[in-house]
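Note: hydrogens, waters and symmetry copies are ignored here, and every other heavy atom, side chains too, is used. Not measured: the values here are computed from a predicted model. Throughout, residue positions are numbered sequentially from 1 according to the sequence presented.
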Amino acid sequence: QVQLVESGGGLVQAGGSLRLSCAASGSIFSINDMGWYRQAPGNQRELVAAITSGGSTKYADSVKGRFAISRDNAKNTVYLQMNSLKPEDTAVYYCYALIVRTSGSSREHWGQGTQVTVSS
């Protein structure tokens with residue numbers, strides 16, 4: 001009964017910007033860590049950015065200084081602002097959230113994925 005819906009992906013030229021959004025809905029009591037992974041065909045999934053409930057952040061070295069993760073706890077939403085995009089950023093981006101449901105159970109949930117394509 002909990003789902004994460006992603007939006008904001010698309011096609012952009014190198015050097016451009018995109019902002020991804022991921023909104024959680026359902027029987028949610030609280031949300032702990034949230035973040036973003038990405039995966040390109042033939043490549044391993046990699047952690048792009050993560051943010052704790054207290055606002056502490058972590059980034060992959062490849063995106064430091066270019067991407068910024070943030071969250072709006074009132075909206076149960078996590079964002080990924082992507083600037084100075086490079087062709088190597090092309091991938092499907094997946095959001096995740098560690099969610100405590102109203103029943104008391106805790107589980108990691110994943111979004112459906114959104115395609116980001118950066119042209120050169």
On a heavy-atom basis, which atom in [X] and which in [Y] lie closest, and how many Å separate them?
| X | Y | answer |
| --- | --- | --- |
| K75 | T77 | O-OG1, 2.9 Å |
| A91 | R38 | CB-CB, 3.9 Å |
| S17 | N83 | OG-OD1, 2.9 Å |
| T90 | V118 | OG1-N, 2.9 Å |
| S70 | I51 | CA-CD1, 4.0 Å |
| A68 | Y59 | CA-OH, 3.3 Å |

Task: Cation-aromatic face contact R45/Y37, 6.0 Å, 45 degrees - done: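 Because its charged atom sits under 6.0 Å from the ring centre and within 45° of the axis, R45 does stack over Y37.
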What's the separation between atom [atom1] in [X] and atom [atom2] in [Y], rounded to the nearest 0.5 Å?
| X | Y | atom1 | atom2 | answer |
| --- | --- | --- | --- | --- |
| K86 | R66 | NZ | CZ | 4.5 Å |
| I99 | S106 | CD1 | OG | 9.0 Å |
| L18 | M82 | CG | CE | 4.5 Å |
| D72 | Y79 | CG | OH | 5.0 Å |
| I28 | T102 | CD1 | OG1 | 9.0 Å |
| L4 | C22 | CG | SG | 4.0 Å |

Open item on the list: Please determine whether residues V78 and I31 belong to a single hydrophobic cluster, defined as Ile, Leu, Val, Met, Phe, Trp and Tyr linked transitively by side-chain heavy-atom distances below 4.5 Å.
Closed with: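 Shared cluster, yes.
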Task: Within one Ile-Leu-Val-Met-Phe-Trp-Tyr cluster: M34 and V2, side-chain cutoff 4.5 Å - done: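 In one cluster: yes.
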Task: Sidechain-backbone polar pair: R71 side chain, T52 backbone, donor-acceptor under 3.5 Å - done: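 Judged by distance alone, yes, a pair lies under 3.5 Å.
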Open item on the list: If we ignore hydrogens and angles and just use 3.5 Å, is the side chain of Q115 paired with the main-chain N or O of G9 as donor and acceptor?
Closed with: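 The answer is no, because no donor-acceptor pair under 3.5 Å joins these two groups.
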Open item on the list: Determine whether L20 and F67 satisfy the following criterion, side-chain contact (heavy atoms from CB on, under 4.5 Å), listing intermediate values before the conclusion.
Closed with: CA-CA 11 Å; L20 306 183; F67 291 10; over 6 Å; no
Task: Within 6.0 angstrom of Q112 CD, more than 12 heavy atoms from elsewhere - done: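 Atom CD in Q112 is not crowded, with 12 or fewer foreign heavy atoms closer than 6.0 Å.
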TODO: Take atom CD of E108 as the centre, draw a 6.0 Å sphere, and report whether it contains more than 12 heavy atoms from other residues, nucleotides or ligands.
DONE: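 It does: E108 CD has more than 12 such atoms within range.
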Open item on the list: Tell me if the aromatic rings of W36 and Y93 count as close, with their centers under 6.0 Å from one another.
Closed with: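 No, they do not, as the ring centres are separated by 6.0 Å or more.
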Open item on the list: So that I can tick it off, tell me whether D61 and K64 are bridged by a salt bridge, with the cut-off set at under 4.0 angstrom between side-chain N and carboxylate O.
Closed with: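 Between D61 and K64 there is a salt bridge, with a charged N closer than 4.0 Å to a carboxylate O.
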Task: Qualifying residue, where the test is side-chain contact (heavy atoms from CB on, under 4.5 Å) with L80 and the options are V63, I69, T114, V116 - done: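 Among V63, I69, T114, V116, the one that satisfies the side-chain contact (heavy atoms from CB on, under 4.5 Å) with L80 is I69.
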- [ ] Run the numbers on E88 and S62 for side-chain contact (heavy atoms from CB on, under 4.5 Å), then give the verdict.
- [x] CA-CA 10 Å; E88 50 262 46; S62 60; over 6 Å; no
Task: V92 vs Q39, side-chain contact (heavy atoms from CB on, under 4.5 Å): CA-CA, chis, key distance, verdict - done: CA-CA 5 Å; V92 177; Q39 186 169 22; 5.6 Å; no
